[in-house]
Amino acid sequence: MRRSSTFARQVLLVRVGRRDGDLRTTDLTLSEHRYADRQRRRYGLDRLSRPAGVSRAGIEAVMPVSPALPMAHTDEATAGSIPLLPGERTMARRMKFAVVNACTLSSLMLGMLAIFLAMQGEVRIAALCLIACVIFDGLDGALARRLGVASPFGAQMDSLADMCSFGLAAPVVVYASLAGSVSTAAAAVACALVAACAAIRLARFNVSPKDGRFFCGVPTTMAAAVLAVTVAIGLPVPGPVLVAGVALLAFAMVSSFPYAKLARLVKLPPWLWLAPVLGALVDIRLTFALIVVGYLVSGPVLWLRQRRTA
């Protein structure tokens with residue numbers, strides 16, 4: 001009877017409001033809130049669910065809103081779709097934009113192909129596909145800047161493609177190459193570390209301020225290139241040592257050590273490049289191992305140098 005009388009009061013309120021021609025939605029809303037509060041006070045729900053010193057308005061202000069419910073107020077300025085390509089949308093710029101994203105998708109597809117080949121035992125061909133992924137990954141960024149079609153969409157798409165090609169395909173290829181030489185659990189843990197650290201590295205790169213001179217940690221692309229070349233040339237390293245190297249490379253990706261970018265390395269004196277070239281002609285495997293170790297050690301050395309000069 002109480003419920004029916006409450007409903008009757010609301011109906012009478014609406015009917016009287018219509019008759020008088022002065023219906024105000026605030027009166028109806030206040031009435032509904034008043035009876036809702038009466039129900040809550042009757043069962044002591046206000047005392048149990050609301051902390052002391054916190055008003056109802058404060059609770060409603062932080063209440064989650066279901067995305068399935070329509071919003072009361074919609075900002076018409078933000079209701080429109082965001083263009084994928086900012087700036088002038090001519091046919092020429094759209095074609096350039098499509099070419100750049102085709103390079104990104106090519107890197108993604110090559111990463112998928114590397115996974116399929118690794119599952120079939122063709123680890124060296126899969127490693128060559130990863131090297132091609134690295135080439136396309138560098139090509140799409142260079143073309144985007146060169147053609148003037150760099151966009152936030154392209155940056156996010158490149159990050160997702162890097163995660164698929166370098167964060168997933170590279171560990172799968174390494175895992176397939178380690179089959180039979182080490183225990184399955186050790187290989188799985190090392191490769192899982194590469195995938196996890198690659199995801200952390202890419203997410204941190206997307207939200208961190210950019211430094212034109214150094215990377216914060218080893219880039220995911222470079223780590224995948226090291227792993228791919230290691231498998232492709234068949235580096236003569238014992239299985240446990242190789243597993244430890246894979247785990248060390250994974251942790252280097254999420255470290256805070258500064259590593260020089262390729263643009264700075266290219267500007268080194270030409271005579272410094274002569275030693276690696278001559279070493280590659282003598283023993284490419286040993287030369288590659290020394291270059292990788294030297295690059296990994298350069299991060300802590302630069303970090304210590306910066307701390308001393310600071």
Side-chain angles (χ1 to χ4, degrees), residues 110-111 113-138 165-198 201 215 217-255 257 259-260 262 265 268 271-301:
L110 286 169
L113 180 59
I115 293 176
F116 299 149
L117 291 172
M119 292 171 63
Q120 296 177 358
E122 302 289 343
V123 291
R124 294 207 171 180
I125 301 177
L128 294 177
C129 289
L130 288 179
I131 296 174
C133 288
V134 174
I135 296 173
F136 276 104
D137 180 69
S165 299
F166 307 139
L168 296 178
V172 169
V173 173
V174 173
Y175 179 81
S177 67
L178 292 173
S181 59
V182 295
S183 66
T184 304
V189 169
C191 294
L193 277 176
V194 173
C197 293
R201 173 72 175 80
F215 289 113
V218 175
T220 309
T221 305
M222 191 169 295
V226 170
L227 295 176
V229 174
T230 301
V231 175
I233 65 178
L235 199 65
V237 177
V241 176
L242 190 58
V243 169
V246 171
L248 178 63
L249 190 62
F251 287 120
M253 283 193 287
V254 296
S255 68
F257 296 136
Y259 286 93
L262 184 60
L265 296 177
L268 293 175
W271 61 270
L272 287 177
W273 290 97
L274 186 60
V277 172
L278 294 177
L281 295 176
V282 177
D283 191 344
I284 187 172
R285 296 176 178 177
L286 179 60
T287 304
F288 172 73
L290 291 176
I291 292 174
V292 171
V293 171
Y295 187 75
L296 291 178
V297 172
S298 67
V301 171

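Just so you know, these numbers come straight off a predicted model, no measurement behind them.
- Taking all atoms of both residues into account, the shortest heavy-atom contact from Ser165 to Gly111 is OG-CA, 3.9 Å.
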For this session: Mind running side-chain contact (heavy atoms from CB on, under 4.5 Å) on Phe257 and Val218 for me, showing each step along the way?
Result: CA-CA 8 Å; Phe257 296 136; Val218 175; over 6 Å; no
For this session: Starting from the C-alpha separation in whole Å, work towards a yes-or-no answer on side-chain contact (heavy atoms from CB on, under 4.5 Å) for Val134 and Phe166.
Result: CA-CA 9 Å; Val134 174; Phe166 307 139; 3.8 Å; yes
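- Residues Leu296 and Ala252 approach most closely at CD2-CB, 4.2 Å, considering heavy atoms.
- When side chains are defined from C-beta on, Leu249 does not count as touching Val194, because their heavy atoms never get closer than 4.5 Å.
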Problem set entry | Residue pair Leu110, Leu130: steps toward the side-chain contact (heavy atoms from CB on, under 4.5 Å) verdict | CA-CA 7 Å; Leu110 286 169; Leu130 288 179; over 6 Å; no
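- Side-chain contact between Cys191 and Val172: absent, with no pair of heavy atoms (C-beta onward) separated by less than 4.5 Å.
- To the nearest 0.5 Å, atom SG of residue Cys129 and atom CZ of residue Arg124 are 14.5 Å apart.
- Counting non-hydrogen atoms of neighbouring residues, nucleotides and ligands closer than 6.0 angstrom, the OH atom of Tyr259 exceeds 12 such neighbours.
- Residue Leu193 comes nearest to Ala247 through the heavy atom pair CD1-CB, 4.1 Å, listed as atom of the first residue, atom of the second, then distance.
- The distance from atom CG of Leu248 to atom CZ of Phe251, rounded to the nearest 0.5 Å, is 9.0 Å.
- What you find for Ala126 and Leu117 is that their closest heavy atoms are CB-CB, 3.9 Å.
- Residue Ile284 places its CD1 atom among 12 or fewer non-hydrogen atoms of other residues, nucleotides or ligands, all under 6.0 Å distant.
- Summarising the geometry of Tyr295 relative to Phe215, their closest heavy-atom pair is OH-CD1, 4.5 Å, with the distance given to 0.1 Å.
- Taking each heavy atom of Arg285 and Ile233 in turn, the nearest pair found is NE-O, 3.0 Å.
- Counting heavy atoms from C-beta outward, Val292 and Thr230 have side chains that stay 4.5 Å or more apart.
- With a 4.5 Å cut-off on side-chain heavy atoms, Arg201 and Pro219 count as touching.
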